[in-house]
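The next block holds one structure in the form of structure tokens; read it before the comments.
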Amino acid sequence: MKPTRLDGWQALRCQPWLLALVVWLPPLLTLMFIALFASGTPKSLPVGVVDLDHSTESRAYLRHLDASPALALDHPYPSAYEGSAALQRGDILALVIVPPEFGRELRLSISPESVAFYNSQYLLAGKFIASALTQANFSFSAKAGVALRLGRGYSLPDAIAAAAPVRPQITALYNAGMSYALFLVTSIMPALWQILIVVATVLTLSWRLEQASLPAGFAARSRALWQLMAPLSLILWLQGLIMLGMFSVFLGWRPEGNILWLVAGMALMVMAVQSMATLILSLVANKVRALSLCAAYLAPAFAFMGMTFPRGDMNMLARWWGNLMPSTHYMELQVAVADHGASLQTLALPLAALLVFLVPLALAIPALPQQMVIDPAEEVPS
Amino acid sequence: MKRAPTPPQSLWQAFQAELANIFTDRAVLLVIVGGLLFYAVLYPLPYQKNVPGEQAIAVIDHDRTHLARKLLRMADATPQIRVAARPDSMLEAETLLANNAVHGLLVIPSNFERDVYRGRPTSLSFAGDASYFLIYGNVVEGLLTAATTLSVETQIVASLMKGESAAQIPGQVMPVRLINKPAFNPTSGYINYIVPAVFVLILHQTLLIAAGSVTIKDRARRLLGRPAAPLHLALPLRVMTFVLIYLLFAMLYFGFFFQLYGIPHQASPWTLLLFSLLFFTTTSLFALWLGALLPRPELVTVIVLVSSLPIVFTAGFAWPAENLPAWLDYLTLLIPAKPGIQGFLALNQLGTPLTSLGREVAILVGLCLLYGGGLIYLMRNQARRRARNAAYDHPAPSSAWGTAVDE
């Protein structure tokens, strides 16, 4: 059957794979990532314990560390040897060793030293455990310090003040609960959305070029491509909006600034990625190679947008490569609008950058191949 | 109808045919040669600096005393932060934060020095930009270090002034000390954290694309009646060829590139070789199974592209596997990348002996059986259908020429 119309709706009807990619896969992937990080922050991470003291104090100390919701200290080992083997196998993510004489030294106020080895190969989990241990140790120390001073005849208020003269109050701006779910899902999903846009665009364009030749002339071509791509752009943009809706329903995402700038930015983002996909297909005129190039170009986008590793600390080449991806500018916009509630002046820069991506489209449209032929030796008819 | 006189029948001829299928296919070469070299350079690029540098913070000093200035100097001296601005008001500070000029804020309250010396508890307010977690962590760590150092100093001074015994001061200042020591990745470097895992993923994903699309194109040619080696020779040879090619790339990745990026690695070459052999065999079988399932070669790339980020975050290195929902943890074990990443990290980064890797090895062997069996089943089914079609309407010229639209 030959499709009578060659627009985007027809492309969706003829290709179940394309339909899956742009219709039900995006919300499904969003839900999957929300489920993945459902715990918000890492919880009950397995920590091994070697208690070489076995005193009342050491047991109280370990119970105190265990009370931290991030940690589960229910992996006792008889010696450091067994503990380190478990750490190596990945059974536990950290190993706390309480020295002999811990209780006696604590009573004598000579500051016993316990050691925690944490798995810093798994950097996020490792750092998270290290900071949870430090905090738990701090609060245990503060309590013990008050007890020690009370024992020496301080009054209670004096003992409390002396134990912690300067108290830090830490505020996490823009993500008060320090939820990894909020932080990671809202940055991973735009990267994945970008991949869906680029793939859908290459598949749709290839389908069109396989069906019939494109008209000659810039205006006629543009019209044909508009009829083809506009429905997909619309759906992909709606998917972006649904994504934001899911952030706010499931993650408690509350944009600080005017959401309309983000809505506009999303439309620009869809078109920017589509423009780059068109450029790539016009360069190689082969859908398999075009997709491989898209993979090389956009698969690592998450690493370059600077959410996990700051862009300010990347070298020039990495920053330059990151600037070539629409997602980098979109994320800048999303953080500026949603988190910082930044001024229009700050938003203008990423918005303008996304607009620049439309320039290659003017070059790509005339350069697209007139038609692409399916090689029967490359596809399995069904 | 043109038919080559003799399809490759001997083992040697079949092997030559397999090599030709791979090395005359520009799309496949683009992925395994171009892709693997390009990614090995590109992925580590953002992390060349390994640890984030000093983050800019703003300080609002309401106290303007000697002690406040001392705290400021201490904060500036930490490797995590530098004082980049001294705004006069909260509003000004918020603008700096919103424009990304600074990522943290320290507010020193008025009467700070007086309260500290009188032994009244005072609080210092820190704020960090939690839009970027690594930056936030650094800002908080830097500010906490400065505040703790100042706190300890004032406690020591206060204790000495009260005439307490010097021997007991350590216990008063910090009754229990906890020393955190990083095992395995001593610098807590980002490159050491990301690259060893992502390299395994790159090998996995490019192998899926290459071996998957070779299989799809081979099926298409068989349907057209072009000469081809019998499947019982072609499939094992294809797996073997890809395993050999990828062992070479594994040497390049885990040898040359690890060395180049200074990534610590512990496994002996033989251990690594054995595990690589198992991992690439499993992944090749998975790729061939996908190739037997999918109708068009670009679909493998589509699947690889869409699944990459989900694999990264379920593989257990970026987000603790202990915190995954159980169904997702089990589901993702069906993809060889996950046991592969966990196995390679354990062997090469944590220095686990191969004998302790029973779980990963068992999963990979299980996946070998699963996808190997699936492959045989699909190929038998397709051969049977082909034979049936040929019997009904011989010589079906149109069926092999159907277009993609037909599906």
Side-chain angles (χ1 to χ4, degrees), chain A residues 14 35 39 42 88-90 109-111 113-117 120-123 125 130 137 141 144-145 161 165-175 183 192 195 199 287-289 291-292 295-296 299-300 303-304 309-310 313-315 318 335 339-340 342 346 376-382, chain B residues 27 30-31 43 45-46 48-49 52-53 98-99 119 121 123-127 129-131 133 135 147 151 154 168 170-171 174-185 188 190 193 217 219-221 295-298 301-302 305 308-309 317 320 323 325 349-350 352 356 401-402 405 407:
Chain A
C14 292
S39 59
Q88 248 185 355
R89 277 197 308 273
S109 185
I110 43 182
S111 191
E113 178 181 298
S114 67
V115 183
F117 294 93
S120 51
Q121 181 58 42
Y122 298 166
L123 200 62
N137 186 70
S141 265
V166 179
R167 262 177 242 179
Q169 278 181 338
I170 306 167
T171 315
L173 296 167
Y174 317 123
N175 182 352
F183 166 61
L192 200 48
I195 287 170
V199 168
K287 62 183 165 183
V288 179
R289 266 178 277 158
L291 276 176
S292 289
F304 285 85
F309 194 82
D313 289 311
M314 292 181 194
N315 63 21
V335 169
D339 293 351
H340 296 170
T346 311
E378 301 221 322
E379 292 199 0
V380 178
S382 43
Chain B
L30 178 74
V31 171
Y43 262 101
L45 198 59
Q48 296 294 333
K49 240 178 114 179
N99 296 338
S123 42
L124 281 174
S125 306
F126 305 165
D129 182 349
S131 298
F133 271 27
I135 294 180
S151 175
T154 54
Q168 289 198 332
M174 186 58 70
V176 178
R177 280 168 301 151
L178 176 78
I179 312 294
N180 275 313
K181 288 190 175 159
F184 316 126
N185 174 7
S188 290
Y190 230 68
Y193 157 53
K217 289 176 189 173
R219 277 169 60 213
R221 283 192 296 266
R296 308 203 304 266
E298 73 269 22
T301 312
V302 171
L305 258 171
S308 290
L309 275 170
F317 72 96
N323 279 212
Q349 266 53 54
L350 313 186
T352 318
S356 301
W401 287 86
V405 189
E407 8 188 307

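Reminder, nothing fancy here: chain letters follow the sequence lines and each chain counts from 1. Only a predicted model underlies this, so the values are computations on that prediction, with no experimental measurement involved.
- When the candidates A:Ala296, A:Ala35, A:Ser114, A:Pro42 are compared by the number of heavy-atom contacts under 4.5 Å with chain B, A:Ser114 comes out ahead.
- Taking A:Arg89, A:Glu378, A:Met314 one by one and counting their heavy-atom pairs under 4.5 Å with chain B, the maximum is reached by A:Glu378.
- The main-chain N or O of B:Val176 is found under 3.5 Å from a side-chain atom of A:Ser141 such that the two form a donor-acceptor pair.
- For B:Leu178, the parts lying near chain A are the backbone and the side chain together; criterion is any non-hydrogen pair under 4.5 Å.
- Distance check, rounded to the nearest 0.5 Å: CG of A:Leu291 to CD of B:Glu298 gives 6.5 Å.
- If you tally non-hydrogen atom pairs under 4.5 Å between each of B:Thr301, B:Leu30, B:Leu309 and chain A, the highest count goes to B:Leu309.
- In this structure A:Asn137 satisfies the side-chain hydrogen bond (donor to acceptor under 3.5 Å, both in side chains) test together with A:Tyr61, sequence neighbours excluded.
- For the set B:Arg219, B:Met174, B:Gln48, B:Lys217, the count of heavy-atom pairs under 4.5 angstrom toward chain A peaks at B:Lys217.
- The main-chain N or O of A:Gln88 is found under 3.5 Å from a side-chain atom of B:Thr352 such that the two form a donor-acceptor pair.
- Residues A:Glu379 and B:Pro295 are not in side-chain contact: their nearest non-hydrogen atoms beyond the backbone lie 4.5 Å or more apart.
- Checked by atom type and distance alone, the side chain of B:Asn180 pairs as donor or acceptor with a backbone atom of A:Ala130 at under 3.5 Å.
- In terms of non-hydrogen atom pairs under 4.5 Å with chain B, the most contact-rich of A:Ala318, A:Ala125, A:Ala377 is A:Ala377.
- The side-chain contact (heavy atoms from CB on, under 4.5 Å) test applied to B:Ser151 returns A:Pro165, A:Val166, B:Gln155, not counting sequence neighbours.
- Across A:Ala299, A:Ser120, A:Ala342, A:Ala295, the residue that shares the most heavy-atom pairs under 4.5 angstrom with chain B is A:Ser120.
- With a 4.5 Å cut-off on non-hydrogen atoms, A:Ser39 touches chain B through its side chain but not through its backbone.
- Taking the six-membered ring for Trp and thresholds of 30 and 60 degrees, A:Phe183 and B:Phe133 have nearly parallel ring planes, at less than 30 degrees apart.
- Within the model, atoms CD of A:Gln121 and CZ of B:Phe317 stand 9.5 Å from one another, a figure rounded to the nearest 0.5 Å.
- Residues A:Tyr174 and B:Ala98 approach most closely at OH-N, 4.2 Å, considering heavy atoms.
- Looking at A:Val335, only its side chain comes within 4.5 Å of chain B, counting heavy atoms on both sides.
- Top candidate by heavy-atom pairs under 4.5 Å with chain A, chosen from B:Ser123, B:Gly53, B:Ser356, B:Ala147, is B:Ser123.
- Only the side chain of A:Ile195 comes within contact range of chain B, with heavy atoms under 4.5 Å apart.
- For chain B, the nearby part of A:Thr346 is the side chain; its heavy atoms alone come within less than 4.5 Å.
- When the candidates B:Ser125, B:Ala130, B:Ser308 are compared by the number of heavy-atom contacts under 4.5 Å with chain A, B:Ala130 comes out ahead.
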